[in-house]
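Before any comments, here is the structure.
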Number of protein chains: 2
Amino acid sequence: MEKCGWSIQRDLKVELSCKTEYAVLALLELAAHYREAEPLQIRQIAAQQNIPDRYLEQLLATLRRGGLVKSQRGAKGGYLLAREPWEITLLEVVSCLEGSDSKPSTHDTNLKTVESAVIEEIWQEVHKTAYKVWQGYTLQDLCDKRDARRQLDIMYYI
Amino acid sequence: MEKCGWSIQRDLKVELSCKTEYAVLALLELAAHYREAEPLQIRQIAAQQNIPDRYLEQLLATLRRGGLVKSQRGAKGGYLLAREPWEITLLEVVSCLEGSDSKPSTHDTNLKTVESAVIEEIWQEVHKTAYKVWQGYTLQDLCDKRDARRQLDIMYYI
DNA sequence: GTAAACACCTGCGAGTAACCGGGGTATACT
DNA sequence: AGTATACCCCGGTTACTCGCAGGTGTTTAC
């Protein structure tokens with residue numbers, strides 16, 4: 001019961017879960033086909049990136065509600081990026097995925113001990129630096145990185 | 001089955017869980033009483049920082065196995081810092097708590113897709129920046145921060 | 001040498017979240 | 001109409017966090 005007492009906005013993880021990776025991979029796939037105006041189907045993305053399609057469906061729904069992708073229903077439907085690939089940062093993706101339904105609940109700061117406040121402050125600093133890194137990469141940057149790495153692989157193969 | 005397919009060392013979280021906070025609070029308490037050579041009992045720490053004592057017992061065991069605290073059994077026993085407060089960094093604490101038993105299992109890098117490698121690279125960068133922040137704070141620094149904040153609270157009260 | 005105080009170990013149970021699949025409904029193309 | 005697709009609800013497994021209970025081993029105090 002009550003678990004930890006306070007439920008501040010301390011729950012922003014920085015781990016690379018399958019959830020996050022799947023979402024980024026899907027967005028990367030959408031970004032790669034951004035020039036054609038045709039939407040990509042879930043199964044195409046899933047097959048291309050080796051993601052379980054039923055799970056990807058949920059993730060794309062979350063991304064849609066977060067305003068990162070657009071959907072088109074019916075036959076020949078699918079998903080499209082809501083904005084240009086260079087206008088979507090990784091920070092938006094990560095924030096969208098774990099936003100969930102956490103209510104900060106307007107916590108009374110006087111209840112916290114001094115020690116807790118100090119710890120909280122440092123963790124905020126860590127999150128801040130993580131945000132900066134994520135903010136610094138757009139989907140376009142990721143695509144460029146992928147292309148560069150592909151070139152390297154080819155040269156290594158020869 | 002198999003969950004994610006690969007089990008690289010991607011599992012270092014940056015969230016502030018109760019687990020981590022409890023451990024840091026306990027270490028802070030030990031650091032505060034570091035000058036007296038007498039060990040602190042679990043219940044004393046638990047009562048002082050409002051931590052469930054049975055749970056704190058497990059955390060202190062982990063910290064002991066990680067070499068961060070020393071224990072003294074029997075009556076008049078308890079826990080002591082294994083090193084000076086200015087020689088223990090937050091990075092050591094965090095690493096100790098979730099080190100668990102994850103074997104990197106020498107993963108074959110050729111199985112990863114190019115996209116996954118790109119994502120992995122960025123997450124490594126995030127972890128690196130987080131490490132640097134944690135590495136920059138010792139238990140002594142935390143104590144100093146606490147004292148400074150206490151002074152502020154007093155002045156604010158007047 | 002007996003009792004008390006303490007660390008130490010194992011295990012359990014509720015809660016939560018990530019991770020997947022089933023099955024049905026709504027919508028658009030042909 | 002029929003088909004293909006997104007959309008939605010609802011389980012189910014696994015794993016982890018948090019916390020409690022019971023028992024054992026070790027040291028000090030009387």
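Residue numbering restarts at 1 for every chain, and letters A, B, ... go by the order of the sequence lines. Please read these numbers as outputs of a predicted model, since none were measured by experiment.
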Whole angstroms only, please: what is the [atom1]-[atom2] distance between [X] and [N]?
X: A/Lys70; N: D/dC7; atom1: NZ; atom2: P; value: 13 Å
X: A/Ile51; N: C/dC19; atom1: CD1; atom2: C1'; value: 13 Å
X: B/Glu21; N: D/dC18; atom1: CD; atom2: P; value: 10 Å

(request) Would you please name every residue forming a salt bridge (charged side-chain N to carboxylate O under 4.0 Å, His left out) with B/Glu29, sequence neighbours left out? (result) none
(message) Return whichever of B/Arg65 or B/Gln41 has its heavy-atom-nearest nucleotide of DNA chain C closer to the 5' end.
(response)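 Closest to the 5' end, via its nearest nucleotide, is B/Gln41.
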(request) Taking only the side-chain nitrogens and oxygens of A/Tyr22, find out if one of them lies under 4.0 Å from OP1 or OP2 of C/dA18. (result)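 Result: no.
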(request) Taking only the side-chain nitrogens and oxygens of A/Arg64, find out if one of them lies under 4.0 Å from OP1 or OP2 of D/dC7. (result)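 So the side chain of A/Arg64 is within the cut-off, an N or O lying under 4.0 Å from OP1 or OP2 of D/dC7.
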(request) Among residues two or more places apart or on two chains, list those pairs meeting side chain to side chain donor-acceptor pair (under 3.5 Å) that have a residue in residues 60-76 of chain A. (result)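 Found none.
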(message) Do A/Thr89 and A/Trp134 have side chains that approach each other closer than 4.5 Å (heavy atoms only, starting at C-beta)?
(response)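 Answer no - side chains too far apart.
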(request) Flag the pair A/Leu63 / A/Cys96 as yes when at least one side-chain heavy-atom distance between them is below 4.5 Å, and no otherwise. (result)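 Yes; the side chains approach each other to less than 4.5 Å.
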(message) Quick check on B/Arg150: does its CZ atom have over 12 non-hydrogen neighbours (other residues, nucleotides or ligands) under 6.0 Å away?
(response) yes
(message) I need a per-nucleotide contact map over nucleotides 21-30 of chain C, read 5' to 3'. Cutoff is protein heavy atoms under 4.0 Å; write B for the base, S for backbone only, - otherwise.
(response) BBB--BBBS-
(request) Verify whether one side chain among B/Asp147 and B/Gln151 offers a donor that lies under 3.5 Å from an acceptor in the other. (result) no
(request) Would you classify B/Ile42 as touching base, sugar-phosphate or nothing, given that sugar-phosphate means primed atoms plus P, OP1 and OP2, and contacts are heavy atoms under 4.0 Å? (result) sugar-phosphate
